[in-house]
Amino acid sequence: PRVALVHLKDLAPGGTADLPAGEGGLDWAAILAAARAAGAAWYIVEQDHPAEPLDDVRRARAQMLARAAG
């Protein structure tokens, strides 16, 4: 693959606060399509300041899985 790992991070519109991946203002359909086209094998999701760490992980996972399936 051309790109084995893709680092994903999301921000609130305006870029003032980080959010669980999939809940901000980024075009995830386009981002994930480009990652797939580049041969991404792994996705690394990061959030610097989670409000509720385990809940934020669950939300980000659900968002990314839903977008990857769609």
Side-chain angles (χ1 to χ4, degrees):
R2 289 187 349 212
V3 177
L5 305 170
V6 176
H7 178 199
L8 307 173
K9 194 170 182 177
D10 211 344
L11 292 172
T16 58
D18 62 341
L19 295 172
E23 295 186 5
L26 299 178
D27 183 353
W28 286 104
I31 292 167
L32 295 175
R36 281 191 297 277
W42 290 89
Y43 298 86
I44 301 164
V45 179
E46 177 185 356
Q47 185 179 359
D48 291 332
H49 305 286
E52 295 290 334
L54 293 178
D55 185 49
D56 286 2
V57 167
R58 286 184 198 100
R59 290 168 39 203
R61 181 179 184 274
Q63 292 285 344
M64 292 295 102
L65 288 174
R67 284 167 169 71

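Only this structure's heavy atoms are used, side chains among them; waters, hydrogens and symmetry mates stay out.
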**Request:** Treat each ILVMFWY residue as a node, draw an edge where side-chain heavy atoms are under 4.5 Å apart, and state whether Val45 and Trp28 are in one component.
**Result:**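 Yes.
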**Prompt:** Under a 4.5 Å side-chain heavy-atom rule over Ile, Leu, Val, Met, Phe, Trp and Tyr, are Tyr43 and Leu11 clustered together?
**Reply:**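 No.
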**Asked** Can you name the residues that form a salt bridge (charged side-chain N to carboxylate O under 4.0 Å, His left out) with Asp56, not counting sequence neighbours?
**Response**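 Salt bridge (charged side-chain N to carboxylate O under 4.0 Å, His left out) list for Asp56, sorted by chain: Arg59.
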**Asked** What pairs with Asp48 under salt bridge (charged side-chain N to carboxylate O under 4.0 Å, His left out), at least two apart in sequence or on another chain?
**Response**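 With neighbours one apart ignored, the set is Lys9.
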**Rounded distance (nearest 0.5 Å) linking atom CD1 of Ile31 with atom CG of Leu8** =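 So the gap between those two atoms works out to 7.5 Å.
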**Partners meeting side-chain contact (heavy atoms from CB on, under 4.5 Å) with Leu19 (sequence neighbours left out)** =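 Partners of Leu19 by the side-chain contact (heavy atoms from CB on, under 4.5 Å) criterion, ordered by chain and then number, come out as Ala12, Glu23.
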**Prompt:** Members other than Trp42 in its cluster, when Ile, Leu, Val, Met, Phe, Trp, Tyr link by side-chain heavy atoms under 4.5 Å?
**Reply:**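 Its cluster mates, by chain and number, are Leu5, Ile44.
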**Request:** Ignoring hydrogens and angles, tell me if any N or O in the side chain of Arg67 forms a donor-acceptor pair with the backbone of Leu32 under 3.5 Å.
**Result:**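 No, the answer is negative, given that no donor and acceptor are paired below the 3.5 Å cut-off.
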**Message:** Test of understanding: with side chain to side chain donor-acceptor pair (under 3.5 Å), list the residues that count as partners of His49, not counting sequence neighbours.
**Reply:**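 In terms of side chain to side chain donor-acceptor pair (under 3.5 Å), with neighbours along the sequence ignored, His49 is linked to no residue.
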